[in-house]
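Bear in mind that the values here come from a model prediction, so they are computed numbers and not experimental data. Computation of the quantities below employed the complete heavy-atom set of this structure, encompassing side-chain atoms and omitting hydrogens, waters and symmetry-equivalent molecules. We name chains A, B, ... by the order of the sequence lines, and we start the count at 1 in each one.
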Amino acid sequence: MDLDRELNPEQKAAVLHPQGPLLILAGAGSGKTRVITYRIAHLVGERGVPPGNILAVTFTNKAAREMRERVERLLGAEAPSWISTFHAFGARLLRRHAELLGYSRDFLIYDEDDARRLGREVTKAMGLDPQQYPVEELLAQVERAKRNLKGPGEGGIRFGPASAFYARYQERLRKNDALDFSDLIRLSCKLLCDFPAVLSEYQRRFEHVLVDEFQDTDPAQYRLLRLLCPPEANLCVVGDDDQSIYSWRGAEVRHILGFAQDYPGCRVVKLEQNYRSTPQVLETASRVIAGNRERHEKTLWTGAPAGAPVELYALSDERAEGELAVRLALSRRERGEKLSGLAVLYRTNAQSRAFEEAFRVFGVPYLVVGGVRFFDRAEIRDAVAYLRLLQNPKSDVDLLRVINVPPRGIGDTTRERLSEIAARHGCQIFESLTEERLSGLRRPEREKALSFAALLRALRDECQNKSAVECVRRVLEKTGYLKMLESSESEQAQGRYENLQELASAAQEFATLSGDPSLAAFLEHVSLLTDLDGARGEAEAVTLMTLHSAKGLEFDEVLLAGLEEGLLPHRRSLKEDEDGTRRGALEEERRLCYVGMTRARKRLVLSYAWQRAVFGRVEMNPPSRFLDLLPGGVRRVGGMEEPAEDEEAFEELSDDDGVFLDAEDEPPPPEPTRGRARPSAATPGRVRPKTDRDGQNWIGRFVAHDTFGRGLVRAACQTRLGLKLTVDFEDAGEKTILADYVKRL
DNA sequence: TCGGGCGACATTTTT
DNA sequence: TGTCGCCCGA
Ligand SMILES: Nc1ncnc2c1ncn2[C@@H]1O[C@H](COP(=O)(O)OP(=O)(O)OP(=O)(O)O)[C@@H](O)[C@H]1O
């Protein structure tokens, strides 16, 4: 590790900073994460700090893993094990001391869906009208309170029933021996506050604490840090206020901007050289972010030679955006560059669809990050629920989920009765599954419930001290889950079956990677997992993800798509805030845009579409206001005026990279597993103008209209209002009508 | 009890 | 456009 060669003087100073708090407030691509990584390596390698005495916090599990890998490479030895997200850290801490807070060390971690199920139980028990008090709303209140470290009955709740709901919900969580996500932080704080001995143990242990992406910490997380790190502690925080994009989740920039007040002795280091991007990319991003008023001005320059100009494409619709992405991918391939060097970034997950379709049609391998996670699939959740019951049969949420999967003749009514019986005995459902406690049930129901309890007990015995993989296998076998799928006629059963096999592989893979084959370890991993984790850099595929997921990453080439009013900035950020809490939402959208642009190393392509299908309706939106500040050097492709009937944009487009597109004749390959790259086989061809194609798809087809009824499409043409159809209605005769108002049959 | 069918509803962003 | 919840008939 040669610090002089690999770091600039400021970075080096930060890495060498001897002791006391350290704040690095610096712009995108200035090497903040690099500094943290090097500093950890330096502390361990040069200063002899025991790895176990270093705590490093990252924003995602993936970032944590990458940091660990990099430190290991620098060090040539094992990295500190306390490199994780706040949540993973909290889980680990609580696991060790759970008894102090009234939980067992085998507590479960409930995710949003589990929490919702539990919440529904609570509202039902409270007799709250779900119309008037939606569970999601109540849980949002609870989460907000928890983020502000308010326990039940400690305020932080806005409206009446939510407060009582919080208390009962929390009580139920405890009885289930489970924590929800925000409890991981809140209870960690509580643990350290209420038990000074524990606090001082960890204060002593963590000689050094380092936090990446500090601009996105919420009050509970910051509190946790402040507990661990008294004012003179070796706390190193790193961030960029221009990249604060999680205020909607409770993150507060003032933590970073006010850091010097809370840690008065802190050293402040500024990093001003950007090592990631070309001058063009940097200039563009800087101009755009300069549109914000509430920000810390930062200088950012680059010594890199000029690269390709930033491009801005005006396109007709989202399908054209998809084709643009395909074109970028194919020309990378022609140049012999890896597809993994290209990322498509967008504001909302829903936008991925158009890109996926285009990539599928043209056989370009791609990887979608986020959206529906593997572990959110119903069959996987069912299997995981069984696994969790092995570890903790008190989890009513899991028990109720699977007691009738596969169908065992235990329906809603019986389940409700079981809940009541357990409540009456003041115990959990599993504990009430005995002959005498169920005596109130009719014979057949009682038998079924008891045999389920027997099944669980047998499984528990059998899986005692077995590896996670083994548990998965046995659960799937003994519960009859696989048999249920095998005998199912339905189309989806096959896919589900494969997904469950995949779960076993995942358990195996995790065991190998982590070196811990236990069920407990696997379950914890699964609970904290996000979809980002599936996406390892090695896949030779284009990456598709939201701007939020892209934070901290970098790609040679970035397509930032959907730069339209209403999308970026998102329309919900444009609405005047009713309660004053979302002020500055627009500035956050701009920061999001900045984050996206600054992911690009060499080439940045921006695009917007004049019209976009949303829920099947067609929407038209003007280009994003963020484009107003683009510098002059941006190369604009496609008419800046809304294209009326002309196809200018397309002609220009298809000439562009010298790559021509055409769909393959054979039908597209079967639906890929999300998050999996697929092999590809694209054939060069020619792009048909989009407008024409739309028409082709309609002509000769039957459509239905609310008042005119059924009819045959005779002709179609693209107008500025959308696609206009000439339809021969069976009853009403020939009409000219916008495609928006009819349904294809 | 269970499955299919149908209508309502929804899209910000995620640890 | 797709999912989820609800209702109904078997
Ligand atoms: N001194 C340096 N010499 C060479 N490359 C560097 C140097 N500092 C940083 N880099 C490179 O610049 C890129 C950006 O660094 P890094 O990701 O650490 O920046 P960052 O400030 O964390 O970025 P962001 O805030 O945008 O996520 C990385 O590829 C990194 O390897």
Side-chain angles (χ1 to χ4, degrees), chain A residues 57-64 84-91 109-113 115-116 120 130-131 134-136 143 146-147 179-186 213 216-218 220-221 244-251 318 345-354 356-357 369-373 376-378 403-416 442 444-445 448 488-490 527-533 545-551 562 566-575 582 585 588-589 591-593 595-596 612-619 743-744:
Chain A
V57 182
T58 60
F59 200 70
T60 62
N61 296 300
K62 185 183 178 213
S84 66
T85 61
F86 271 111
H87 291 86
F89 169 70
I109 300 167
Y110 280 178
D111 70 11
E112 207 178 315
D113 184 69
R116 202 177 316 123
R120 251 196 283 275
Q131 296 292 315
V135 197
E136 289 78 9
E143 207 185 310
K146 288 185 174 181
R147 274 201 312 261
L179 307 186
D180 66 14
F181 242 72
S182 19
D183 274 345
L184 292 174
I185 312 297
R186 181 182 70 97
E213 309 282 10
D216 280 320
T217 48
D218 68 30
Q221 293 166 339
S244 146
I245 53 177
Y246 281 93
S247 77
W248 53 272
R249 206 172 76 182
E318 78 280 357
L345 307 182
Y346 37 77
R347 177 66 233 265
T348 66
N349 280 309
Q351 286 170 262
S352 75
R353 177 165 308 135
E356 292 186 66
E357 264 161 30
V369 175
V372 190
R373 303 185 335 226
D376 281 342
R377 291 159 205 257
I403 193 169
N404 201 33
V405 191
R408 298 188 178 93
I410 303 175
D412 289 346
T413 331
T414 312
R415 282 198 292 252
E416 221 148 278
R442 281 185 310 171
E445 277 78 39
K448 290 179 215 162
S488 163
E489 312 274 290
S490 95
S527 307
L528 297 173
L529 201 67
T530 62
D531 192 64
L532 276 172
D533 298 280
M545 65 178 142
T546 63
L547 290 164
H548 284 89
S549 308
K551 190 170 72 157
L567 204 49
L568 185 64
H570 197 276
R571 56 176 51 78
R572 294 189 58 155
S573 70
L574 298 173
K575 276 211 292 259
R582 303 282 297 142
E588 183 148 315
E589 296 289 305
R591 291 195 291 271
L592 214 36
C593 187
V595 167
R612 181 176 292 279
V614 46
F615 303 143
R617 286 253 160 275
V618 175
E619 252 180 28
K743 251 216 284 286
R744 266 197 248 198

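Secondary-structure stems of DNA chain C, taken as three or more successive Watson-Crick or G-U wobble pairs (i with j, i+1 with j-1) under a 3.5 Å distance threshold, comprise B:1-9 with C:2-10.
Taking D218(A) as the reference, nothing meets the side-chain hydrogen bond (donor to acceptor under 3.5 Å, both in side chains) condition, with sequence neighbours excluded. For the side-chain hydrogen bond (donor to acceptor under 3.5 Å, both in side chains) test, no residue two or more places apart in sequence or in another chain qualifies with S244(A). Under the rule for a side chain to side chain contact (heavy atoms under 4.5 Å, CB included), the partners of R408(A) that lie at least two apart in sequence or sit in another chain are Y386(A), N404(A), P406(A), I410(A), F452(A), L455(A), T479(A). Residues satisfying the side chain to side chain contact (heavy atoms under 4.5 Å, CB included) test with D376(A), not counting sequence neighbours, are D111(A), R373(A), R381(A). Every residue meeting the side chain to side chain contact (heavy atoms under 4.5 Å, CB included) condition with A63(A), not counting sequence neighbours, appears here in chain and number order: T58(A), T60(A). With sequence neighbours left out, the side-chain hydrogen bond (donor to acceptor under 3.5 Å, both in side chains) criterion links Q351(A) to T348(A). Take R415(A) and apply the side-chain hydrogen bond (donor to acceptor under 3.5 Å, both in side chains) test, not counting sequence neighbours, and it matches D412(A).
Counting to the nearest Å, the P atom of dT15(B) and the CG atom of N61(A) are 8 Å from each other. If you measure from atom NE2 of H87(A) to atom P of dT15(B), you get 9 Å, rounded to the nearest angstrom. The distance between atom CG of D218(A) and atom C1' of dT13(B), rounded to the nearest whole Å, is 15 Å. Spacing between atom CD1 of I410(A) and atom P of dT1(B) amounts to 10 Å, rounded to whole angstrom units. In this structure, the CD atom of E318(A) is 11 Å from the P atom of dT1(C), given to the nearest Å. Put simply, CZ on R147(A) is 15 Å from P on dT14(B), counting in whole angstrom units. Summarising the geometry, the separation between CZ on R377(A) and P on dG2(C) is reported as 16 Å, rounded to the nearest angstrom. At whole-Å resolution of the value, CD1 in I245(A) and C1' in dT15(B) are 13 Å apart.
In terms of phosphate contacts, S549(A) brings a side-chain nitrogen or oxygen within less than 4.0 Å of OP1 or OP2 of dT14(B). Contact annotation: T414(A) reaches the phosphate of dT1(B) (side-chain N/O to OP1 or OP2, under 4.0 Å). Here S182(A) does not reach the OP1 or OP2 of dT15(B): none of its side-chain N or O atoms lies under 4.0 Å away.
The side chain of T413(A) sits closest to dT1(B) out of dT15(B), dG5(C), dT1(B). Considering only the side chain of W248(A), dT14(B) comes nearest among dT15(B), dC2(B), dT14(B). When the nucleotides dT14(B), dC2(B), dT15(B) are ranked by their closest atom to the side chain of N349(A), dT14(B) comes out on top. Among dT13(B), dT15(B), dG3(B), the nucleotide with an atom closest to any side-chain atom of T85(A) is dT15(B).
For W248(A) and H548(A), the gap between ring centers is short of 6.0 Å.
Salt bridge status for R591(A) with E588(A): present, with a side-chain N to carboxylate O gap under 4.0 Å.
F59(A) comes within 4.0 angstrom of the backbone, heavy atoms only, and of no base.
Residue C593(A) holds its SG atom at 11.5 Å from CD1 of I245(A), rounded to the nearest 0.5 Å.
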Polar-atom pairs under 3.5 Å, protein N or O versus N or O of nucleotides 4-11 of chain B: list them with distances, or write none.
none

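Annotation: dT13(B) and dC4(C) have their P atoms spaced 15 Å apart (nearest Å).
Ring-base stacking between Y246(A) and dT13(B) is not satisfied when judged by a centre separation under 5.5 Å and a plane angle under 30°.
Nearer the 5' end of DNA chain B, as judged by each residue's closest nucleotide, is the contact made by R415(A), out of E143(A) and R415(A).
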